[in-house]
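For reference, the structure is listed below as structure tokens.
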Protein chains: 2
Amino acid sequence: MPPESSPTPPALTRPSTGDELRATALAQFASIGFAGTSLQQIADAAGYSKSSVLYHFASKEALLGEVLTPAIDRLEVILNRYVDAPDGAASRRRFVDDFIDFLLEFRLELHTFINQAQSLRGIPVIDRAGVLIVRLSDTLCHDGASTEDRIRFGIALGGAAYTLVAGMTFLDKDIAPADEIRQALSVVITELLAPVAVHTSQSRK
Amino acid sequence: MPPESSPTPPALTRPSTGDELRATALAQFASIGFAGTSLQQIADAAGYSKSSVLYHFASKEALLGEVLTPAIDRLEVILNRYVDAPDGAASRRRFVDDFIDFLLEFRLELHTFINQAQSLRGIPVIDRAGVLIVRLSDTLCHDGASTEDRIRFGIALGGAAYTLVAGMTFLDKDIAPADEIRQALSVVITELLAPVAVHTSQSRK
DNA sequence: ACCTTACTTGACCGATCGGTCAGGTTCTGC
DNA sequence: GCAGAACCTGACCGATCGGTCAAGTAAGGT
């Protein structure tokens, strides 16, 4: 092999073992569920031994924590940015864009959390995500929001999480181009959340 | 005890052991997942032994089948009724009402299927439900439906399933009255599916 | 009384679960 | 060359998994 190649690879560094395991575990958690995924499966899928997984991560729960944390951090940033921004349609629009970016980038993480949070209570990373979702809901809906407003929020969140993961599997067999999905998501979510926004721009009650 | 009570109980018959087990299993499958739920858990929660569960149901998969089948049967009836009905806004409206009834009555079954179908492929009841969902999607969206139309359908389906189960858990701590939820769902889902309906009433292209 | 049927159970099976541990390999700094 | 860290692994642990089996019990028909 010629020595011309760089010590740090040219464009992208190959993923570390930890990264591979995180990615593999995420895929399994999202499709089979945390309880239904064994460390052996993760190890086999990633091409390592079970012992190796437990060398890199203290426990199965710790692995879940490391897998979900980046998504939660990102969501926290987005929410804080929206809270700090002045009220108005422009801030609202940027938030929806940020949120759609988040959906597309962390679809598996969101799907994992959304569908299993109830059964995983007590795990630190899950509880942290839980309070974040509540804060997100309260921020968008305010305290006096109607049942319909809350259902709008829930449908937008859960529906997007579902559509981007499970839905794609057997509904859109032929996957649509990414920007087409992004634009469609933008239209539908904006439309879903629009009535909720109306209440937001005026002080409640 | 006075013998005045009827041989077949007056208003409602107490549930059979099989019914209790089905209900208990459904709750566990929906919240922890099929793979994550053990027969022991189901037996303990229902107050029986694991052996008793396996006496009433041939296997864990058979139990899942019996749990989900009523929901699938019902969805099949609703879809067939819509397909056989004349095209038009009235049929469409009735379908949405039927569908919301279905959502409210079989929320746990739908949630179970929606979020685990991918990992349970090969199990007869799951495959049957899968083709039914595809048929539902094709019926509502037709062949030439845009990505946005399909995303609308996916968000309505997945969003409702999520909101009615997981969402209620930590978003609407204080549960709203049933008819309020029904009306809100009706508004939001009708709104979501409305643009898709437009394409339906005219022959495509 | 007796047999049958429906139902429930504990003991048990091989396999797999999450997790520990000691040992082996490879690479680095000295 | 050598110590030490980083990494990877097979063997092993007690517990639990889905599932089988024989025994036991209660009710009903004869």
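In what follows, chains are A, B, ... by sequence order, proteins preceding strands, each numbered from 1.
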Subject >> Nearest-Å distance for atom pair CG/C1', residues B:L21 and C:dT9 >> reply: 14 Å
Original post:
Between atom CG in A:D44 and atom C1' in C:dC17, what is the gap in whole Å?
Top reply: 14 Å
**OP:** Quickly work out the A:I32 CD1 to C:dC17 P distance and round it to whole Å.
**Re:** 11 Å
Could you list the protein-to-nucleotides 11-14 of chain D atom pairs, N/O on both sides, closer than 3.5 Å?
none

Original post:
Can you tell me if A:K60 uses its side chain to pair, donor with acceptor, with the backbone of A:T37 under 3.5 Å?
Top reply: yes
Original post:
Can you tell me if the side-chain N/O atoms of B:S52 get under 4.0 Å from OP1 or OP2 in C:dT9?
Top reply: yes
Original post:
Rounding to a whole Å, what distance do you find between B:F57:CZ and D:dT20:P?
Top reply: 15 Å
**OP:** Write down the distance between CG (A:L63) and P (C:dC17), rounded to a whole number of angstrom.
**Re:** 15 Å
Subject >> Minimum heavy-atom distance A:A25-A:L63, with the two atoms named >> reply: CB-CD2, 3.7 Å
**OP:** State which of C:dG18, D:dC8, D:dG19 makes the closest approach to the side chain of B:K60.
**Re:** D:dG19
Original post:
Counting side-chain heavy atoms from CB outward, which of C:dT9, D:dC8, D:dG19 is closest to A:S49?
Top reply: D:dC8
Subject >> Pairs flagged by side-chain hydrogen bond (donor to acceptor under 3.5 Å, both in side chains) wherever residues 65-81 of chain B is involved - sequence neighbours left out >> reply: B:R22-B:E66, B:D73-B:R128, B:R74-B:E105, B:E76-B:R128, B:N80-B:R135, B:R81-B:D98
Original post:
Side-chain N or O of B:H56 less than 4.0 angstrom from OP1 or OP2 on C:dT8?
Top reply: yes
Subject >> Length of the line joining B:E20:CD and C:dT8:C1', which is rounded to integer Å >> reply: 13 Å
Subject >> Short side-chain N/O contact to C:dT8 OP1/OP2 from B:T17, under 4.0 Å >> reply: yes
Subject >> Any side-chain heavy-atom pair of B:L140 and B:F95 under 4.5 Å >> reply: yes
**OP:** Of all the heavy-atom pairs spanning B:R152 and B:E191, show the shortest one and how long it is.
**Re:** NH1-O, 4.1 Å
Subject >> Listed nucleotide nearest any side-chain atom of A:Y48, set D:dT20, D:dT9, C:dC17 >> reply: D:dT9
Subject >> Distance test, side-chain N/O of B:S38 to OP1/OP2 of D:dT16, below 4.0 Å >> reply: no
Subject >> Closest to side chain of B:S59, choosing from D:dG19, C:dG19, C:dT9 >> reply: D:dG19
Original post:
Do A:D101 and A:R182 sit within salt-bridge range, that is, some charged N less than 4.0 Å from a carboxylate O?
Top reply: yes
Original post:
Rounded to whole angstroms, how far apart are CD on B:Q41 and C1' on D:dG18?
Top reply: 13 Å
Original post:
Between A:A85 and A:S91, which heavy-atom pair has the shortest distance, and what is it?
Top reply: CB-OG, 3.5 Å
**OP:** Indicate, with a heavy-atom threshold strictly under 4.0 Å, whether A:L39 touches base, sugar-phosphate, or nothing.
**Re:** sugar-phosphate
Original post:
So, is B:Y55 close to the C:dC7 phosphate, meaning a side-chain N or O under 4.0 Å from OP1 or OP2?
Top reply: yes
